[in-house]
Amino acid sequence: MTDIVLATLNARWSHASLGLRYLYANLGDLQSRARIEEFTIATPLDRVVERLLEGQPSLIGLGVYIWNVERTTALIARLREAAPEIRIVIGGPEVSHEVQEQAIVQMADHVITGPADLSFAVLARQLLEGPRPLMKVIAGVQPELDSLVLPYAHYSDTDIAHRNLYVEASRGCPYKCEFCLSALDKTAWPFELDRILDQLAQLHRRGARRFRFVDRTFNLKAQTGRAILEFFLQRIEDHPGDPVFAHFELVPDHLPEALREAIVRFPAGALQFEIGIQTWNPEVQARISRRQDNARAESHLRWLREHSQAHLHVDLIAGLPGEDLASFGAGFDRLVALGPHEIQVGILKRLRGAPIARHTEAFGLRFSPIPPYEVIETNALSATDLARIARFARYWDLYANSGRFAGTLPVLLGKSPFTRFMALSDWLHDHAQATHQLSLETRAEALLAWLTEVDGGDASAITRLIAADYARSGAQGRPSFMARGLGLADRDTGVTPERQARHLTISEASFAAPALPSVP
């Protein structure tokens with residue numbers, strides 16, 4: 001029998017929940033009475049309920065996030081029907097704020113707001129052994145990080161072999177960007193470095209090769225960041241032919257020399273940086289309490305693109321208070337000129353508890369009531385234009401971020417990337433009436449039609465470009481315009497994710513960066 005089940009619905013199977021493993025690792029002597037169950041939001045609820053109820057547990061703890069709150073609400077309703085006697089405890093970012101307004105909170109027995117690493121174990125003991133707590137809503141205690149049992153031993157061999165492993169060297173964030181829940185943090189707290197390095201070494205010895213750091217500001221302390229980078233470099237040097245892949249989130253305007261010296265030594269396919277620019281508009285930055293030196297951020301992106309082999313994934317947010325279509329488009333063009341491998345165009349979300357809500361009335365922010373609570377209109381962006389940007393983002397992912405049209409992309413974007421790609425996006429929406437489930441063949445045919453029939457490009461030259469891109473991607477189909485004999489075999493990308501591998505191995509003529517200035 002199992003008394004405690006810890007569970008969540010992940011966005012994808014490849015995501016292994018770090019939060020559940022922290023709860024499990026810190027259960028103390030209750031750990032022998034507990035187990036972890038992970039599913040995805042696509043898993044049929046009947047199957048989820050059946051698995052959760054195996055062993056007749058007394059307590060189920062569920063992690064709730066913006067991407068799974070609707071599905072988890074439906075899951076709790078099913079559990080209430082099937083086993084009304086079971087105690088249900090929920091926690092996570094989505095239920096840590098505005099608690100009384102949420103249906104899922106009303107359905108649960110208890111909710112832990114904020115950190116639950118240690119507080120869940122206390123509550124679980126009370127529910128199993130008494131006395132039961134009187135309060136339904138329990139504020140989680142912020143733990144001293146040195147007091148936590150680290151969770152990495154609880155990644156299974158299957159996790160290590162097939163899934164992304166999430167790790168952290170720090171928690172919290174010293175910045176106050178109002179669209180982010182980290183704006184509520186007082187500062188960033190580091191874990192003791194030797195403990196983290198020891199855990200990384202143990203994971204590597206067990207065969208782990210894909211590491212994703214969840215730290216908000218990995219490069220905040222150069223000494224710590226350098227030590228972790230050196231750890232991975234040493235493994236790469238000691239195990240030639242057995243690469244690793246490490247993902248970090250960087251503050252864009254802070255790149256000390258100590259980090260650059262390590263970054264340049266990484267081979268292609270081993271290092272990925274997620275860099276949040278969000279907006280280049282200084283007035284909008286000030287309005288949302290975002291401190292960012294744009295000149296330094298731009299210089300650092302140029303340096304990374306020119307002098308390192310790191311894969312660069314850079315974020316922009318549309319719909320920030322006061323930013324109109326022209327400002328967002330200019331920021332997009334500025335970012336394209338810097339040549340990141342991927343540009344993630346996101347729509348502003350109203351995360352529960354995030355300070356961005358204070359601008360709602362003054363800037364006419366109207367958010368969807370349905371998760372992920374994206375803004376659907378502002379006084380600077382109409383609902384129509386925000387819908388256009390959302391489609392633009394999806395098509396950009398399919399054409400540019402996918403890495404499948406690198407040779408054709410420079411012709412498509414020209415000297416006005418945002419304007420031209422928006423024109424393609426609008427045309428695609430009118431003709432395809434879809435932004436999802438477009439096959440690679442359909443995308444290639446549509447791009448050829450727009451560039452030749454709408455934009456007036458040279459049909460012969462553009463056909464050759466798109467056919468070469470299609471063949472280079474490793475696709476096995478044959479669109480009608482392709483000549484025979486252009487196909488290439490699928491590639492084994494090793495531990496580097498396939499999408500990143502395409503960016504690093506196919507032609508990168510789409511991003512011809514200008515000469516580099518000196519790095520401040």
Side-chain angles (χ1 to χ4, degrees), residues 12 311 313-314 316 318 329 332-333 335-336 339-347 387-414 416-491 493 497-511:
R12 297 181 179 86
H311 184 271
H313 174 111
V314 186
L316 287 178
F332 181 87
D333 287 351
L335 189 53
V336 168
H341 301 90
E342 297 185 12
I343 299 174
Q344 186 71 44
V345 175
I347 307 296
R388 291 174 70 209
I389 294 174
R391 292 194 295 268
F392 177 107
R394 177 57 183 161
Y395 290 133
W396 181 262
D397 207 45
L398 292 174
Y399 279 100
N401 289 345
S402 69
R404 293 189 183 275
F405 295 93
T408 312
L409 205 58
V411 176
L412 170 60
L413 299 182
S416 303
F418 183 76
T419 298
R420 287 180 58 78
F421 198 85
M422 181 63 84
L424 170 65
S425 175
D426 290 341
W427 181 86
L428 280 167
H429 178 65
D430 290 341
H431 285 74
Q433 296 293 312
T435 57
H436 293 75
Q437 296 180 335
L438 295 176
S439 69
L440 181 58
E441 290 79 10
T442 299
R443 281 178 269 160
E445 296 274 10
L447 182 58
L448 176 63
W450 189 85
L451 285 172
T452 57
E453 299 170 17
V454 179
D455 195 49
D458 180 88
S460 177
I462 291 171
T463 298
R464 287 196 299 271
L465 278 175
I466 295 177
D469 277 341
Y470 184 91
R472 190 185 297 114
S473 74
Q476 298 300 308
R478 282 294 175 270
S480 59
F481 62 83
M482 279 192 65
R484 294 182 179 180
L486 290 176
L488 297 178
D490 290 337
R491 298 178 308 278
T493 64
E498 182 180 355
R499 182 149 133 172
Q500 287 87 337
R502 281 199 295 270
H503 291 138
L504 296 167
T505 57
I506 64 179
S507 169
E508 295 187 343
S510 54
F511 293 125

Stepwise side chain to side chain contact (heavy atoms under 4.5 Å, CB included) check, Thr408 with Tyr399: CA-CA 10 Å; Thr408 312; Tyr399 279 100; over 6 Å; no
Could you pull out the closest heavy-atom pair between Pro340 and Val314, with the gap in Å? CB-CG2, 3.6 Å
Exam field: side chain Arg443 to backbone Leu438, donor-acceptor pair closer than 3.5 Å: yes
Just by distance, do the side chain of Asn401 and the backbone of Glu342 share a donor-acceptor pair under 3.5 Å? no
Which heavy atom of Thr452 sits nearest a heavy atom of Ala459, and at what distance? CG2-CA, 3.6 Å
Passes side chain to side chain contact (heavy atoms under 4.5 Å, CB included), Met422 versus Ile389? Steps please. CA-CA 8 Å; Met422 181 63 84; Ile389 294 174; 4.2 Å; yes
Distance from Asp455 atom CG to Trp450 atom CH2, nearest 0.5 Å? 4.0 Å
To the nearest 0.5 Å, tell me how far Leu451 CG sits from Arg420 CZ. 7.0 Å
Hey, would you say the Phe332 and Phe421 ring centroids sit under 6.0 Å apart? no
Could you report the tightest heavy-atom contact between Trp427 and Ala449, atom names first, then the distance? CH2-CB, 3.8 Å
Test log, rule side chain to side chain contact (heavy atoms under 4.5 Å, CB included), inputs Leu409 and Leu412: CA-CA 5 Å; Leu409 205 58; Leu412 170 60; 4.0 Å; yes
Correct closest heavy-atom pair for Val336 and Pro417 would be CG1-CG, 3.9 Å
Decide yes or no for Trp396 and Ile343: does some side-chain heavy atom of the first lie under 4.5 Å from some side-chain heavy atom of the second? yes
Heavy atoms of Ser473 and Leu440 approach each other most closely as OG-CD2, 3.7 Å
Do Leu424 and Tyr395 come close enough that some side-chain heavy atom pair is under 4.5 Å? no
Rounded to the nearest 0.5 Å, how far does OH of Tyr470 lie from CD of Glu445? 9.5 Å
